[in-house]
Amino acid sequence: MKHYDALVVGGGPAGSTTALRLAEAGVSVLLVDKARFPRDKPCGGGLTMRAVRQCPVDPAPVVEEEVDLVELRFRYGDAVVRRAREPVILMTQRRRLDAFLLDAARARGVEVREGTTVDPQTIEADVVVGADGANGTTAKALGLGEGIVHGVAYEGNAAYGALDRGRYERRAVVELADIPGGYGWVFPKAEHANVGVGAWQSAGPQLREHLGRLCAAHGLEPDSLTELRGHRLPLRRPGTPVAGERALLVGDAAGLIDPVSGDGMYECFVSSRLAAAAIVDLLAGRTATLAPYAAALDAELGSLHRASWQLKQALDRWPRTSWRLARSALVWRTVERLLLGDLASPREQHGLARAPLRALALLGR
């Protein structure tokens with residue numbers, strides 16, 4: 001049986017970019033995924049520029065729309081539109097992005113097996129990477145990920161014609177404070193817009209109703225949406241184990257979803273970078289286990305996610321007060337810098353713009 005330095009289970013963005021980074025470092029990698037690519041994946045399909053900065057491959061070939069307008073609305077009424085100084089989000093489709101990144105890993109020398117499931121214990125590999133997402137089984141098999149909680153999302157696609165293309169061009173629409181623990185969105189793509197809602201897992205039974213309200217607010221018939229699907233949003237709490245002696249989790253498998261935005265692309269690329277570095281150190285004999293990965297992850301994402309949890313709770317508990325703060329031009333300064341990757345977390349913001357951030361943090365405690 002062939003021996004590998006690393007086995008990566010899951011070919012989504014976190015798995016493929018972990019494998020790619022390892023291959024570039026001279027590590028022999030086997031990547032397996034139960035699906036055959038291209039395959040669809042429930043996701044709003046937005047790549048913030050901070051995520052793009054972390055991606056080891058330029059995603060330009062699969063970008064369908066650049067967003068420099070962000071429209072925030074409170075309960076489908078009061079609205080504010082902010083224009084960024086440059087695009088802050090690149091819109092794609094996961095069907096295209098994931099296949100593109102997997103091809104890039106294959107081109108770097110990763111051995112890829114599609115349409116395959118494996119028991120990690122049956123593959124001769126020094127290290128195992130769990131990258132099989134929110135519904136994967138690898139985390140449990142490795143004894144990792146205990147304590148991850150979940151949100152839920154429900155989404156579909158609306159063809160232009162049903163929606164006015166001009167209304168949503170270069171614009172991400174976010175509907176706040178109507179859905180417990182979440183929000184609604186309309187994200188433009190090349191030939192359609194993605195329309196969806198996210199919430200606490202406990203609100204799952206009401207998601208269809210929430211999606212209906214979102215559609216009504218945008219002049220859509222719910223029946224006009226195609227490719228409707230629901231999915232879980234895994235959220236890591238502090239202390240959730242994501243690394244063992246010779247195994248670790250990346251991306252959604254590790255619960256690395258931003259608590260307030262529901263976005264996990266930035267986190268998946270950060271985790272793939274940190275995971276690859278930890279694995280290379282282990283294989284080179286510089287460390288004895290993969291435990292440093294968990295500490296590195298907390299150091300890089302901890303502050304951002306703590307702030308996100310506070311904002312999520314503030315919007316739930318004090319929606320009107322939080323909205324008045326969140327819609328301000330001062331808060332937009334921070335949001336824009338976060339989306340562009342100029343700030344790693346809101347706590348890095350200085351000056352007058354810190355005042356509303358402190359108020360939101362207090363509301364969310």
Side-chain angles (χ1 to χ4, degrees), residues 44 46-53 66-91 151 168 170-187 197-200 214 217 233 235 257-267 300-365:
L47 287 171
T48 62
M49 293 310 299
R50 72 178 179 185
V52 173
R53 283 187 174 189
E66 294 184 348
V67 168
D68 53 15
L69 289 170
V70 177
E71 178 179 338
L72 303 176
R73 291 209 299 184
F74 179 77
R75 294 178 175 170
Y76 305 115
D78 188 23
V80 62
V81 179
R82 300 295 182 191
R83 182 181 293 277
R85 60 183 184 269
E86 59 185 277
V88 289
I89 307 172
L90 305 181
M91 292 295 178
Y168 301 95
R170 304 184 68 88
R171 179 185 302 241
V173 181
V174 177
E175 305 282 3
L176 296 170
D178 183 64
I179 304 170
Y183 64 94
W185 70 83
V186 182
F187 291 164
V197 292
W200 294 114
L214 174 66
L233 302 170
L235 304 165
I257 295 288
D258 185 283
V260 73
S261 72
D263 173 37
M265 299 306 296
Y266 169 70
E267 286 79 359
E300 192 135 349
L301 296 177
S303 178
L304 174 65
H305 283 192
R306 283 191 294 273
S308 291
W309 276 113
Q310 288 175 338
L311 178 56
K312 188 181 187 76
Q313 289 166 174
L315 285 165
D316 266 7
R317 296 170 182 170
W318 309 96
R320 291 190 182 278
T321 303
S322 298
W323 164 249
R324 293 189 188 101
L325 292 166
R327 63 165 291 157
S328 70
L330 287 176
V331 168
W332 170 248
R333 286 188 201 172
T334 304
V335 171
E336 182 181 23
R337 295 186 69 196
L338 285 168
L339 292 173
L340 289 171
D342 295 338
L343 295 177
S345 91
R347 288 176 173 81
E348 293 184 357
Q349 181 65 275
H350 300 293
L352 190 60
R354 283 287 298 160
L357 300 179
R358 290 195 191 97
L360 286 166
L362 287 171
L363 291 172
R365 286 182 179 172

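If you're wondering where the values come from, they're calculated on a predicted model, not measured in any experiment.
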Are the side chains of [Y] and [X] in contact, using a 4.5 Å heavy-atom criterion?
X      : Y      : value
Pro346 : Leu304 : yes
Arg171 : Val173 : yes
Arg170 : Arg83  : no
Arg337 : Glu348 : no
Val80  : Trp323 : yes

Gap between atom [atom2] of [Y] and atom [atom1] of [X] - 0.5 Å precision:
X      : Y      : atom1 : atom2 : result
Leu233 : Ile257 : CG    : CD1   : 6.0 Å
Leu339 : Tyr266 : CG    : OH    : 11.5 Å
Lys312 : Leu360 : NZ    : CG    : 15.0 Å
Met265 : Ile89  : CE    : CD1   : 13.0 Å

Would a distance-only check, ignoring hydrogens and angles, find a side-chain to backbone donor-acceptor pair under 3.5 Å from [X] to [Y]?
X      : Y      : result
Glu71  : Ala79  : no
Ser322 : Ala314 : yes
Arg347 : Ser303 : yes
Asp316 : Gly181 : yes
Tyr76  : Glu175 : no
Gln313 : Gly364 : yes

Lys/Arg-Asp/Glu bridge criterion (N-O < 4.0 Å) met for Asp342, Arg53 =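 Between Arg53 and Asp342 there is a salt bridge, with a charged N closer than 4.0 Å to a carboxylate O.
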
ask   = For the residue pair Trp185 and Leu214, what are the closest heavy atoms and their distance?
value =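 Looking at all heavy atoms of both residues, the shortest contact is O-CD2, 3.6 Å.
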
